[in-house]
A.B. asks: 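My questions will all concern the structure given below.
Remember, predicted model here, so these are calculated numbers, not experimental data. All chains are named by letter (A, B, ...) in the order of the sequence lines, taking the proteins before the strands, and each is independently numbered beginning at 1.
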Amino acid sequence: MVVNVVTSSSFNHHHYHYHNHNAISTMSGLRQYHSLVVRLGLSSHNPTVARLIKFAALSPSGDLSYALRLFRLLPCPDAFIYNTLFLALSSHPTPLSLSPSRLLSHMLHHSVSPNHFTFPPLLRATSLPFGRQLHSLIYKLGFSSHSFARNNLLCMYLQSGCPYDACKVFYASLDCDIVAWTTMVTGFSKAGLIDDARALFDTMPERNLVSWNAMIAGYVQAGLFKEALDLFDQMQAQGIEINKYVGATVLSACTGLGALEKGEFIHTQIQSKRIKLDSKLATTLIDMYCKCGCLEKAIEVFNSLPAKKLSTWNCMIGGFAIHGRGIDAIQLFKNMESQGGVPDDITFLNVLIACAHSRLVAEGKHYFDYMVQKYNMEPKMEHYGCMVDMLGRAGLLKEAKQLILEMPMEPNADILGALLGACKIHGVVDLGQEIGKRAIELDPLNSGRYVLLANLFAGAGRWDDVAEVRKLMGDRGVHKEAGHSLIEMNGVLNKFICGGRSHPQCKEIYNMLNEMLERIKAEGYVADAGVVTHDLTKEQKEEALYYHSEKLAIAFGLIHTRAGDTIRITKNLRVCRDCHEATKFVSRVFDREIILRDRNRFHHFKRGDCSCKDYW
DNA sequence: AATTAAGGTA
């Protein structure tokens with residue numbers, strides 16, 4: 001743009017002409033415009049410079065340091081400009097040289113009065129203790145009943161871990177709006193006060209889709225998936241329809257439970273309402289299909305996406321990994337690279353998990369080196385953990401131990417736990433004892449390592465050591481996590497615990513279970529009493545095994561399906577070897593495909609075999 | 001001249 005002679009009378013004309021037809025869209029455009037502004041002698045003209053600051057400070061393609069330079073050149077910046085900078089500070093991820101409190105001091109020192117656009121972004125840019133000073137300033141300046149200021153004040157206290165202070169503000173105000181209520185519900189949930197969140201939710205004077213989603217998401221984040229789905233059902237019963245946020249929230253609840261039917265129902269609603277699959281929703285949907293055992297459906301959704309973000313690739317690679325389809329995971333990784341995708345540490349973690357679960361040791365080693373060589377990435381603790389798991393499971397215990405010694409960081413309990421798990425699989429008691437004790441000391445409240453160590457001793461017949469581990473657990477008040485299995489049938493979730501008798505169809509289920517056991521025994525199944533470590537008689541051990549929650553769930557599944565059908569079960573812990581054997585027999589004898597999700601991965605049982613090839 | 005509450009992957 002060329003400007004020749006500009007007289008004061010023609011100036012406004014030129015200025016607004018530019019303004020209307022040449023919106024700033026890049027930093028280089030902004031620089032050009034800035035030089036024009038300088039030549040026009042407008043560098044101190046607040047409304048003009050404000051436009052520049054706004055773009056530089058807030059646009060994703062902006063440059064905050066440039067905005068600050070422009071600001072410092074202004075002799076008398078106005079409230080709008082300060083507010084714009086507060087907004088920028090509140091949305092900037094990294095801490096800057098300019099703190100919100102210094103900027104506010106500057107503003108007050110220059111006698112610029114805050115207005116009702118000042119405090120909301122300022123509160124979001126700060127935390128305690130400065131937040132308290134803002135609180136009193138808001139009162140002094142008379143903004144305490146301004147809903148935007150108050151709502152952001154609540155947010156500030158809640159995000160600073162002070163729900164009590166938020167409560168004081170909240171309950172002192174008689175005219176809280178729906179945003180304030182919803183903010184409190186979210187804040188309580190995030191503070192772990194899920195019951196208080198629900199109590200607030202139940203007493204809200206009005207609710208909208210955002211409030212419903214906040215409460216449902218609170219349950220999901222607390223791991224209370226069943227409660228999340230129940231609340232969603234209530235929401236739908238009131239005729240409220242989903243949007244993409246609620247869709248994503250509820251899908252992740254389905255994922256947590258392995259509730260495929262419900263997940264499919266949500267997918268159908270998303271389609272019928274023509275909700276666009278943005279990257280978050282798509283990732284959630286793919287993850288739901290992966291973790292509910294429907295890998296083919298996940299692939300279908302994945303392939304239907306016109307553009308794939310890194311998170312989407314990661315999710316799909318992870319899906320192949322947990323289903324034991326290591327080769328497919330690697331192939332997908334290669335496809336991603338060939339399409340110009342750049343992997344991150346999660347991508348590599350998923351590739352390594354895929355290798356570990358599919359006994360692809362050479363490939364795993366290759367990708368572990370490759371992430372360093374090709375992408376210059378530093379393997380994190382999790383990557384080492386995965387390598388230790390992979391090597392250990394494959395029986396390469398010495399290599400696994402060596403890797404732990406060579407790691408640049410101190411191994412944490414997860415790393416040692418992975419090696420302990422390998423010792424358990426391969427019956428290596430001495431190393432397992434040493435590693436197990438260290439793992440337990442590092443993370444004494446995790447029950448899993450005690451159980452693993454006790455089982456390792458039990459396998460070697462070292463009952464005194466078993467008793468010692470159990471006593472240690474008892475003394476520390478650590479309890480073995482109770483196992484349970486879930487199976488969804490006609491939209492109803494059925495939960496079974498070991499030896500449980502509370503199901504309405506209890507009698508039928510136990511009859512079926514006994515019939516099932518008789519038939520598979522006739523086909524050669526023998527109970528593996530070695531996995532039960534209590535000091536019981538052989539009969540008692542078998543009893544305990546026979547009524548494991550997954551066997552109850554399978555019996556229930558057999559009642560409600562026919563030959564050729566698929567039974568899907570979600571278990572919260574790892575499946576035991578005995579149940580794994582029994583399930584193989586059931587798949588053949590009763591001609592069912594049984595898809596079992598355990599804590600770590602999927603097992604697809606078909607015609608007497610499992611997809612994990614007994615490697616898990 | 002402009003603000004606030006809700007979602008996913010590891």
A.B. asks: Which nucleotide wins on minimum distance to the side chain of V210(A), given the candidates dT3(B), dT9(B), dA5(B)?
C.D. replies: dA5(B)
A.B. asks: Base, sugar-phosphate alone, or nothing: which one does D287(A) contact when heavy atoms must sit under 4.0 Å apart?
C.D. replies: sugar-phosphate
A.B. asks: Under a 4.0 Å heavy-atom cut-off, which of residues 222-256 of chain A touch DNA chain B?
C.D. replies: N243(A), K244(A), Y245(A), A248(A), T249(A)
A.B. asks: Would you kindly give the CZ-to-C1' distance between R124(A) and dT3(B), to the nearest whole Å?
C.D. replies: 6 Å
A.B. asks: Mind running salt bridge (charged side-chain N to carboxylate O under 4.0 Å, His left out) on R198(A) and D202(A) for me, showing each step along the way?
C.D. replies: CA-CA 6 Å; R198(A) 179 57 189 264; D202(A) 286 338; 3.0 Å; yes
A.B. asks: In whole angstroms, how far is the P atom of dA10(B) from the CE atom of M381(A)?
C.D. replies: 20 Å
A.B. asks: Tell me whether the OP1 or OP2 atom of dA5(B) has a side-chain N or O from K190(A) closer than 4.0 Å.
C.D. replies: no
A.B. asks: Closer than 4.0 angstrom, basic N to acidic O: yes or no for R69(A) and D63(A)?
C.D. replies: no
A.B. asks: dA6(B) P sits how many Å from R207(A) CZ, rounded?
C.D. replies: 18 Å
A.B. asks: Mind checking if K380(A) touches a base, just sugar-phosphate, or nothing, with heavy atoms under 4.0 Å?
C.D. replies: nothing
A.B. asks: Tell me which residues in residues 326-349 of chain A lie within less than 4.0 Å of DNA chain B, going by non-hydrogen atoms.
C.D. replies: I346(A), L349(A)
A.B. asks: Return the nearest nucleotide to the side chain of A50(A); candidates are dT4(B), dA1(B), dA10(B).
C.D. replies: dA1(B)
A.B. asks: If you take any heavy atom closer than 4.0 Å to DNA chain B, which residues from residues 263-286 of chain A end up in contact?
C.D. replies: D278(A), K280(A), L281(A), T283(A), T284(A)
A.B. asks: Parallel under 30°, tilted from 30 to 60°, perpendicular over 60°: which one fits the rings of Y370(A) and F333(A)?
C.D. replies: perpendicular
A.B. asks: I'd like to check the side chain to side chain contact (heavy atoms under 4.5 Å, CB included) partners of D175(A); sequence neighbours left out, ordered by chain and number.
C.D. replies: R150(A), S173(A)
A.B. asks: Which part of the nucleic acid, if any, lies within contact of N46(A), taking any heavy atom under 4.0 Å across all strands shown: a base, the sugar-phosphate backbone alone, or nothing?
C.D. replies: nothing
A.B. asks: Between K297(A) and E300(A), does at least one N-O distance fall below 4.0 Å, as a salt bridge requires?
C.D. replies: yes
A.B. asks: Does dG7(B) have OP1 or OP2 sitting under 4.0 Å from an N or O in the side chain of Q221(A)?
C.D. replies: yes
A.B. asks: Quick test of your reading: applying side-chain hydrogen bond (donor to acceptor under 3.5 Å, both in side chains), list the pairs with at least one residue in residues 133-146 of chain A, sequence neighbours left out, ordered by first then second residue.
C.D. replies: H135(A)-Y157(A)
A.B. asks: Would you kindly give the CD-to-C1' distance between Q159(A) and dT4(B), to the nearest whole Å?
C.D. replies: 11 Å
A.B. asks: For DNA chain B, determine which residues of residues 177-186 of chain A have any heavy atom closer than 4.0 angstrom to one of its atoms, and list them numerically.
C.D. replies: V179(A), T182(A), T183(A), T186(A)
